[in-house]
Asker: 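Take this structure first; my questions come after.
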Amino acid sequence: MQKQDTDTIRAFQGLEDSRSSVRLRAALAAGTTPDPRFIDRLIERCAIEPDFYVRDMLTWALTRHPASMTVPELLNEVRSERAQARSQALHTLSKIGDRQAWPAITRALLSDADDEVARSAWRAAVVLVPEGEEPELAAVLSTQLGRGERETQLSLSRALIALGEVIVPTLRAAMTDLDPRVRAHAIATERLLRDPDAGFEFAIEEAKRVVALGSTSKEG
């Protein structure tokens with residue numbers, strides 16, 4: 001027992017170390033030998049950890065603990081004022097996959113002003129959405145079409161495509177939007193749904209040409 005306590009203290013200290021390699025090993029240790037005492041500290045670290053690989057290991061470590069203990073704590077985090085805390089909590093919930101977390105995926109999170117939070121919310125939503133509620137989710141996600149740069153748009157397209165054919169009516173409606181960015185994003189997303197190998201860059205450039213030609217023909 002004394003050795004276990006010593007190992008726990010060492011792991012706690014490791015999570016605070018200035019070297020990312022030490023924090024990575026500490027997170028790995030916390031997941032390799034799950035201990036409920038780690039949960040709060042792992043979640044706290046997720047909110048401030050600057051290194052992507054360490055954050056990913058923290059998430060993995062949390063998935064190794066019982067969902068009944070981690071999910072309630074993570075649901076508190078999605079309401080945090082700190083964007084990274086919200087983003088990482090949503091990412092971890094998507095990895096755990098416990099659908100009891102679904103009510104926490106609010107419209108506010110799906111349209112969060114921070115792109116990383118929104119992207120994490122989109123990914124979590126398509127994992128957690130209850131059967132039969134996909135069309136409503138597609139409608140909410142479609143309000144984000146045209147948002148952000150390439151990575152953000154690709155994340156949204158992937159989330160929508162994960163919902164399957166139910167997104168088609170929503171995309172068709174978005175193709176008539178007044179905003180050309182929304183129209184192009186909707187066209188590109190449908191193209192990727194039909195041909196997943198097309199590649200997003202190709203699909204979005206082709207969609208922009210379609211929108212430009214459509215605008216020209218309307219003006220003529």
Side-chain angles (χ1 to χ4, degrees), residues 59 63 67 71 74-75 78 86-218:
T59 283
T63 67
V71 170
L74 291 165
L75 293 180
V78 302
R86 298 197 301 277
S87 176
Q88 279 301 120
L90 288 162
H91 174 64
T92 306
L93 287 169
S94 75
K95 294 298 182 184
I96 294 170
D98 187 333
R99 286 188 166 174
Q100 289 184 66
W102 168 247
I105 312 300
T106 60
R107 184 182 284 263
L109 284 171
L110 293 169
S111 58
D112 197 283
D114 186 281
D115 283 347
E116 285 304 313
V117 176
R119 290 171 66 188
S120 295
W122 301 338
R123 288 191 292 266
V126 299
V127 169
L128 302 173
V129 61
E131 191 173 346
E133 293 191 32
E134 294 89 350
E136 289 83 356
L137 175 58
V140 176
L141 291 179
S142 72
T143 66
Q144 303 302 297
L145 285 165
R147 171 180 174 164
E149 301 305 320
R150 181 189 177 281
E151 284 304 312
T152 300
Q153 293 196 2
L154 178 56
S155 289
L156 182 61
S157 291
R158 283 176 172 161
L160 283 162
I161 289 165
L163 296 175
E165 290 291 325
V166 299
I167 68 171
V168 173
T170 301
L171 291 178
R172 293 280 164 82
M175 287 175 197
T176 64
D177 196 274
L178 294 174
D179 186 338
R181 281 174 60 88
V182 173
R183 296 203 301 276
H185 195 180
I187 293 167
T189 303
E190 191 191 35
R191 192 138 302 174
L192 283 176
L193 176 67
R194 302 293 176 218
D195 182 12
D197 297 325
F200 185 72
E201 208 65 56
F202 172 79
I204 199 75
E205 289 306 319
E206 190 176 353
K208 285 176 183 175
R209 285 195 294 274
V210 170
V211 168
L213 289 169
S215 299
T216 304
S217 64
K218 281 177 187 174

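Everything numeric here is computed off the predicted structure, so don't read it as measured data. Heads up: numbering here begins at 1 and tracks the sequence.
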Asker: List the steps and the verdict of side-chain contact (heavy atoms from CB on, under 4.5 Å) for Ile105 and Val78.
Answerer: CA-CA 9 Å; Ile105 312 300; Val78 302; 5.9 Å; no
Asker: Going by side-chain hydrogen bond (donor to acceptor under 3.5 Å, both in side chains), name the residues that satisfy it together with Arg147, two or more places apart in sequence or in a different chain.
Answerer: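 Only Asp115, Gln144 meet the side-chain hydrogen bond (donor to acceptor under 3.5 Å, both in side chains) criterion with Arg147.
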Asker: Mind listing the closest non-hydrogen atom pair of Ala101 and Leu75 along with its distance?
Answerer: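 Scanning both residues completely, I find the closest heavy atoms to be CB-CD2, 3.9 Å.
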Asker: Check the pair Asp98 / Leu93 against side-chain contact (heavy atoms from CB on, under 4.5 Å), numbers first and verdict last.
Answerer: CA-CA 7 Å; Asp98 187 333; Leu93 287 169; over 6 Å; no
Asker: Return the CG to CG distance between Leu192 and Leu154, rounded to the nearest 0.5 Å.
Answerer: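 Between Leu192 CG and Leu154 CG, I get 7.5 Å after rounding to 0.5 Å.
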Asker: Find out whether Leu145 and Ser142 are in side-chain contact, i.e. whether some heavy atom of one side chain is under 4.5 Å from a heavy atom of the other.
Answerer: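 In contact.
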Asker: Compare every heavy atom of Glu131 with every heavy atom of Arg99, then report the nearest pair and how far apart it is.
Answerer: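 Looking at all heavy atoms of both residues, the closest pair is NH1-N, 4.1 Å.
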Asker: Test of understanding: with side chain to side chain contact (heavy atoms under 4.5 Å, CB included), list the residues that count as partners of Ala159, not counting sequence neighbours.
Answerer: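 Partners of Ala159 under the side chain to side chain contact (heavy atoms under 4.5 Å, CB included) test: Trp122, Val126, Leu141.
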Asker: Measure across Val129 and Leu137 and return the closest heavy-atom pair with its distance rounded to 0.1 Å.
Answerer: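 Minimum heavy-atom contact is CB-CD2, 3.8 Å.
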Asker: Ser94 vs His91, test: side-chain contact (heavy atoms from CB on, under 4.5 Å). Steps then yes/no.
Answerer: CA-CA 5 Å; Ser94 75; His91 174 64; 4.3 Å; yes
Asker: How far does OG of Ser155 sit from CD of Glu116, to the nearest 0.5 angstrom?
Answerer: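 Between atom OG of Ser155 and atom CD of Glu116 there are 7.5 Å.
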Asker: How close do Ile96 and Ala67 get, counting heavy atoms only, and between which atoms?
Answerer: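 Answer, listing the atom of Ile96 first, then Ala67: CG2-CB, 3.9 Å.
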Asker: When rounded to the nearest 0.5 angstrom, what distance separates CD in Glu134 from CD in Glu165?
Answerer: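 Going from CD on Glu134 over to CD on Glu165, the span is 13.0 Å.
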Asker: Calculate, to the nearest 0.5 Å, the distance between atoms CZ and OG1 belonging to Arg194 and Thr189 respectively.
Answerer: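 One finds 12.0 Å between CZ of Arg194 and OG1 of Thr189.
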Asker: Roughly how far, to the nearest 0.5 Å, is NE2 of His185 from CG of Leu160?
Answerer: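 Here the interatomic distance stands at 7.0 Å.
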Asker: Apply side-chain contact (heavy atoms from CB on, under 4.5 Å) to residues Leu110 and Thr143 and explain how you reach the verdict.
Answerer: CA-CA 9 Å; Leu110 293 169; Thr143 66; over 6 Å; no
Asker: For Pro130, give me all partners under side chain to side chain contact (heavy atoms under 4.5 Å, CB included), at least two apart in sequence or on another chain.
Answerer: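 For Pro130 the side chain to side chain contact (heavy atoms under 4.5 Å, CB included) partners, ignoring immediate neighbours, are Trp102, Glu133.
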Asker: I'd like to know if Arg172 and Glu190 make a salt bridge, using a cut-off of under 4.0 Å between side-chain N and carboxylate O.
Answerer: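 A salt bridge is present here (some side-chain N lies under 4.0 Å from a carboxylate O).
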Asker: For the side chain of Arg119 and the backbone of Ser87, is there at least one donor-acceptor N/O pair under 3.5 Å apart?
Answerer: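 Between the backbone of Ser87 and the side chain of Arg119 there is no qualifying donor-acceptor contact (under 3.5 Å).
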Asker: More than 12 non-hydrogen atoms from neighbouring residues, nucleotides or ligands closer than 6.0 Å to CZ on Arg158, yes or no?
Answerer: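 Atom CZ in Arg158 is not packed in, count stays at 12 or less.
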Asker: How close do Leu90 and Ser120 get, heavy atom to heavy atom, and via which atoms?
Answerer: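 Smallest heavy-atom distance, with atoms named: CB-CB, 3.8 Å.
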Asker: Taking the side chain as C-beta and beyond, is there a heavy-atom pair between Asp112 and Leu109 under 4.5 Å?
Answerer: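 In short, these two side chains touch, coming nearer than 4.5 Å.
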